[in-house]
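Read the structure below first, then the notes.
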Amino acid sequence: MPLIVLPTSQLLWVRVAALLFTCVAFSVTAHGARLGHGGAGDWCIFCWAFSFACTLLVLLVELFGLQARAPVSWTNFPITVACYACLLCLSASVIFPLFFLKYQNSSGEARDHRIAATVFSCLATVAYMGEVSLTKARPGEVAGYMATAPGLLKVCQTSVACIIFLLVSDPVTYDRHAALKWCMAVYCICFILSMAVVVLCVGECTGRLPVPFSKFLSAYGLLAAVMYLTATILWPVFQFDRQYAGSGRAPSKTIAAAVLTALNLLLYLADLAYTARLVFVSA
């Protein structure tokens, strides 16, 4: 009978802690939080369940030493999973108490379950932050692209875009003017391209591009920054200016979308700066 030896390390215990915290978070929520059926509750449960499943997969692959047989780049996959899980759990840690603790009067048992889910979601976020910190590339270290600052920024860009999609689609707030539809197009195009970069790196397919990967990153980074600059300007103008939006008060979701648009602009600018330094300074 083969003996499985699991080497102990700080990274291992951080992953085990994240696994346990996410498991508890979605278990107590499903057991007695009484959320009903809705977008916010389903999103939070998805965040915890997705993070749990991916972390379990990483642990099992490394437990059985199957990294070489995995159909993905194992230098890029674990840190990509950890970064996405960190951001997902962070979003759940903010959204869950806002929707299910602050403005709702629930019974004692259901409220206790919701508080426990929030606490363990925050603990999972901290655990995933620790994993990203332990596995990201250090200065002068040879590592996969997703372990570098530009790679981690790609994960942040796609995660912020997902939250923007949730905010502007329920209710739909981008169909009143052509400028707002352009903003939605910016969110979609940049999300697809950033996600394509992540998939190419994790799948080790960057060499199949018709142009060098570094040049593709530079061109895409410049294009995305310019497009997000237009969205950062147009979205608040056509959402908050009374000439276009009317005299009604802007919904909080619209304001949040404007803030996240500006945040993603900063992420794309930082990504462009890192990529330019990587391409031109290194060359």
Side-chain angles (χ1 to χ4, degrees), residues 39 43 83-84 87-88 90-91 94-95 145-146 148-201 206 209-281:
W43 169 256
C83 193
Y84 271 120
L87 295 173
L88 288 173
L90 177 61
S91 69
V94 174
I95 293 172
Y145 177 80
M146 296 307 300
T148 63
L152 295 176
L153 285 171
K154 295 291 189 304
V155 175
C156 296
Q157 292 159 8
T158 54
S159 299
V160 172
C162 286
I163 299 175
I164 293 176
F165 292 148
L166 291 174
L167 293 173
V168 303
S169 61
D170 185 23
V172 175
T173 56
Y174 56 85
D175 59 347
R176 294 195 304 269
H177 300 281
L180 296 177
K181 294 179 181 178
W182 163 253
C183 294
M184 189 63 183
V186 170
Y187 303 145
C188 294
I189 293 171
C190 294
F191 170 80
I192 292 171
L193 291 175
S194 292
M195 184 58 69
V197 172
V198 174
V199 172
L200 287 172
C201 292
T206 56
L209 292 173
V211 296
F213 186 57
S214 59
K215 292 184 178 180
F216 170 77
L217 290 176
S218 300
Y220 154 62
L222 179 60
L223 175 65
V226 173
M227 292 177 68
Y228 253 94
L229 177 61
T230 63
T232 303
I233 297 172
L234 293 176
W235 183 267
V237 169
F238 284 86
Q239 289 286 9
F240 308 142
D241 194 323
R242 293 184 178 180
Q243 179 181 353
Y244 305 103
S247 58
R249 183 179 178 183
S252 57
K253 289 185 177 181
T254 304
I255 299 173
V259 173
L260 291 177
T261 301
L263 174 60
N264 237 4
L265 172 62
L266 296 177
L267 293 175
Y268 277 105
L269 289 174
D271 187 8
L272 179 61
Y274 273 112
T275 302
R277 181 182 178 186
L278 182 66
V279 173
F280 297 108
V281 176

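Numbers here are sequence positions counted from 1. Basis for what follows: all heavy atoms, side chains included, without hydrogens, waters or symmetry-related copies.
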request  = Consider only side-chain N and O atoms of Ser194 and Gln157, and report whether a donor and an acceptor are under 3.5 Å apart.
outcome  = yes
task = Could you please spell out the steps behind the side-chain contact (heavy atoms from CB on, under 4.5 Å) verdict for Leu234 and His177?
result = CA-CA 10 Å; Leu234 293 176; His177 300 281; over 6 Å; no
Leu223 CG to Ser218 OG distance, which is reported to the nearest 0.5 Å = 12.5 Å
note = Residues passing the side chain to side chain donor-acceptor pair (under 3.5 Å) test with Thr232, sequence neighbours excluded, are none
task = Show the numbers, then the answer: is there a side-chain contact (heavy atoms from CB on, under 4.5 Å) between Phe238 and Tyr174?
result = CA-CA 9 Å; Phe238 284 86; Tyr174 56 85; over 6 Å; no
query = How about Leu88 and Trp43: do any of their side-chain heavy atoms sit closer than 4.5 Å?
reply = yes
remark   = Hits for side chain to side chain contact (heavy atoms under 4.5 Å, CB included) against Ala231, two or more places apart or cross-chain, chain-then-number order -> Cys183, Val186, Tyr187, Thr261
Side-chain polar contacts of residues 161-168 - donor-acceptor pairs under 3.5 angstrom, sequence neighbours left out - could you list them?
none

inquiry  = According to salt bridge (Lys or Arg N to Asp or Glu O under 4.0 Å), does anything in residues 216-232 pair up with another residue at least two apart or in another chain? List the pairs.
reply    = none
message = Measuring from atom NZ of Lys154 to atom CE of Met146, what distance do you get when rounded to the nearest 0.5 angstrom?
response = 8.0 Å
key: Sequence neighbours excluded, every pair satisfying side-chain hydrogen bond (donor to acceptor under 3.5 Å, both in side chains) that has a member inside residues 158-168   = Tyr84-Thr158
query = Shortest non-hydrogen contact from Cys190 to Tyr220?
reply = O-OH, 3.4 Å
remark   = Note: Ala270 and Leu153 closest approach over all heavy atoms is C-CD1, 3.9 Å
Contact summary for Ala225 and Tyr268, nearest pair of heavy atoms = CA-CB, 4.3 Å
ask   = Do Leu269 and Leu265 have side chains that get closer than 4.5 Å, going by heavy atoms?
value = yes
inquiry  = Could you measure the distance from the CD1 atom of Ile255 to the CG atom of Leu260? Nearest 0.5 Å is fine.
reply    = 12.0 Å
ask   = Distance from Phe216 atom CZ to Leu193 atom CG, nearest 0.5 Å?
value = 5.5 Å
request  = Give, for atom CG of Leu222 and atom CG of Asp271, the distance between the pair rounded to the nearest 0.5 Å.
outcome  = 11.5 Å
ask   = Is any side-chain heavy atom of Thr254 less than 4.5 Å from a side-chain heavy atom of Phe240?
value = yes
task = Apply side-chain contact (heavy atoms from CB on, under 4.5 Å) to Thr173 and Leu180, showing your working.
result = CA-CA 8 Å; Thr173 56; Leu180 296 177; over 6 Å; no
Any residue meeting side chain to side chain donor-acceptor pair (under 3.5 Å) with Thr206, in chain and number order, not counting sequence neighbours = none
query = Distance from Tyr145 atom OH to Leu152 atom CG, nearest 0.5 Å?
reply = 9.5 Å
